[in-house]
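The structure appears right after this line, and notes come after that.
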Amino acid sequence: MAAITQRPKGTQDVVPNEVYKWHTVEQVASETASQFGFKEIRIPTFEDTGLFVRSVGDTTDVVQKEMYTVSATGDSTFTLRPEGTAGTIRALIENGVLNEGFPQKVFYILSCFRHEKPQAGRLREFHQFGCEMVGAANARADADVISLAKSVLDRLGLKGIELNINSIGCPKCRAEYHKALKAYFEQYKDRLCETCQERLEKNPMRILDCKSAEDKEIAENAPVILDYLCDECSEHFEQLKNNLKLMNIEYEINPRIVRGLDYYTRTVFEFITTDIGAQGTVCGGGRYDGLIEQLGGKPTPALGFGMGLERLILTMQNQGCDFMNPEKCNVYIASMGEKGEYKAIELVKKLREEGFFAEYDLVGRGLKAQMKYADKIGAGFVVVLGDNEIETGTAKLKNMKTGEQIDINLDDSFVQLFSDVYFADMMTDETIQSMMSEFSLGEV
RNA sequence: GUGGGUAUAGCGUAGUUGGUUAACGCGUCAGUUUGUGGCACUGAAGACCGUGGGUUCGAAUCCCACUAUCCACCCCA
């Protein structure tokens with residue numbers, strides 16, 4: 001009935017008390033990327049439909065049945081981005097960024113849209129943190145990008161996330177492999193499940209990933225792509241493995257991971273967790289050396305990855321990871337009576353001008369209720385202003401943690417006095433705590 | 001697109017042989033005498049029991065449909 005207060009299927013609201021989780025992930029991700037030399041790029045939410053058809057691939061599920069395509073005027077159609085790579089590469093080409101030297105390294109945090117049936121870790125509007133590196137053909141670049149993804153996951157405090165890598169070769173060796181694979185599965189065609197019989201024609205590589213017990217058994221002896229790589233691709237994969245070892249990054253070679261977007265070549269990888277249900281891929285990416293040329297640019301090697309922010313946050317919650325603490329109110333100015341209220345307005349204005357997080361009563365609460373409220377919002381200090389204080393020009397500054405009160409002048413020196421007390425308190429609090437924790441770390 | 005589960009106040013739940021004013025916890029608000037929070041106590045507000053139909057003297061409780069949501073397949077972040 002009241003459909004107007006109902007969010008569209010597969011979308012999510014982030015309520016005020018939950019945003020800090022998002023801030024945590026966004027901050028860690030962008031800081032880490034910056035540290036690796038990636039700059040942020042911002043691109044439109046929708047693109048010409050053709051861009052996704054050509055890059056993601058016209059036979060993929062994403063393009064065939066999951067795109068939100070709209071036509072505003074009738075003569076051209078636009079599509080809400082189902083992923084970030086296509087638009088990013090388009091922007092880099094269009095703005096001539098690729099003429100500014102290599103490698104170009106960019107990252108983004110944006111929303112993506114796919115018309116799927118929602119379930120745990122799968123939404124119609126979801127958010128991705130993604131990185132793209134353009135112009136580096138060397139396998140060092142692959143390892144570097146993987147290492148960036150790994151750092152983000154580590155810094156978020158995530159545990160037990162497995163890195164799976166594979167190479168799906170270049171178009172040349174993949175053609176060979178497809179032939180071999182198809183020939184192999186043809187023998188067992190009757191025993192394969194229904195979807196896999198379809199896959200046999202459409203995309204035989206997907207059969208390798210089937211969950212059906214019988215198909216799994218059959219797939220076990222199927223040819224492995226790694227045996228069909230050409231010399232160059234094979235060498236590239238060897239170097240990648242070597243580089244990962246140098247970086248102490250553990251990985252599993254998983255010949256069954258096959259990315260579902262057509263633009264991938266050679267290296268593909270996934271970071272997988274078992275903590276959030278069936279949709280456990282928390283990060284997926286790989287190399288796409290052919291994409292830029294395909295979009296009309298000069299042939300240029302490139303690679304990247306995307307991370308699902310919702311999945312990251314889900315995993316963090318399930319693993320009990322720490323999030324950044326939301327900022328707390330520094331000082332609450334409580335007041336009683338008109339004079340006190342006026343003074344509160346004045347003082348809060350000044351405190352805020354000096355950068356403090358200051359609040360006062362806006363809804364007409366009694367003194368006791370104001371104290372409760374101050375406590376609830378986690379105010380560090382409270383000042384109470386009544387007729388007495390206004391008359392004498394001094395008030396009590398109460399430390400809400402210790403309960404101790406000291407006198408404070410209400411004249412022009414107020415903000416400076418508060419500032420002194422505030423920073424002195426912070427020192428005893430945080431500095432000492434962090435020093436203590438360093439100590440104990442040193443002793444262990 | 002295919003399958004299964006669930007739908008009771010802002011949130012989490014109880015309410016199962018159908019029977020008068022639907023209960024509890026958290027949260028919100030107000031109080032516990034004189035101008036100071038966290039604890040405790042008291043009280044208040046807040047639910048047409050997802051929607052529509054049916055069975056019945058009577059349904060949150062039984063039946064049907066619809067819708068929403070969750071989980072899984074598929075696909076992927």
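- Contacts of A/Leu123 with the nucleic acid, taken as non-hydrogen atoms under 4.0 Å apart, include base atoms.
- Using a 4.0 Å heavy-atom distance criterion, A/Glu270 is classed as making no nucleic acid contact.
- Shown here, B/G46 forms no base pair; nothing in the strands shown gives a Watson-Crick or G-U wobble contact with both key distances under 3.5 Å.
- Using a cut-off of 4.0 Å between Lys/Arg side-chain N and Asp/Glu carboxylate O, A/Glu346 and A/Lys343 are scored as salt-bridged.
- Remark: B/A40 base-pairs with B/U32; criterion is Watson-Crick or G-U wobble with both hydrogen-bond distances under 3.5 Å.
- Residue A/Ala374 is out of contact with every strand shown, counting any heavy-atom pair closer than 4.0 Å.
- Pairing of B/A68, defined by two Watson-Crick or G-U wobble distances under 3.5 Å, is identified with B/U6.
- Looking only at atom types and distance, the side chain of A/Ser30 has no donor-acceptor partner in the side chain of A/Glu40 under 3.5 Å away.
- Each of B/U2, B/C70, B/A77 was ranked by its minimum atom distance to the side chain of A/Lys117; first place goes to B/U2.
- At B/U28, one or more side-chain N or O atoms of A/Lys376 fall inside 4.0 Å of OP1 or OP2 (strictly under the cut-off).
- At least one side-chain nitrogen or oxygen of A/Lys368 sits closer than 4.0 Å to the OP1 or OP2 atom of B/G37.
- Side-chain contact, A/Thr77 with A/Ser71: no donor N or O sits under 3.5 Å from an acceptor N or O.
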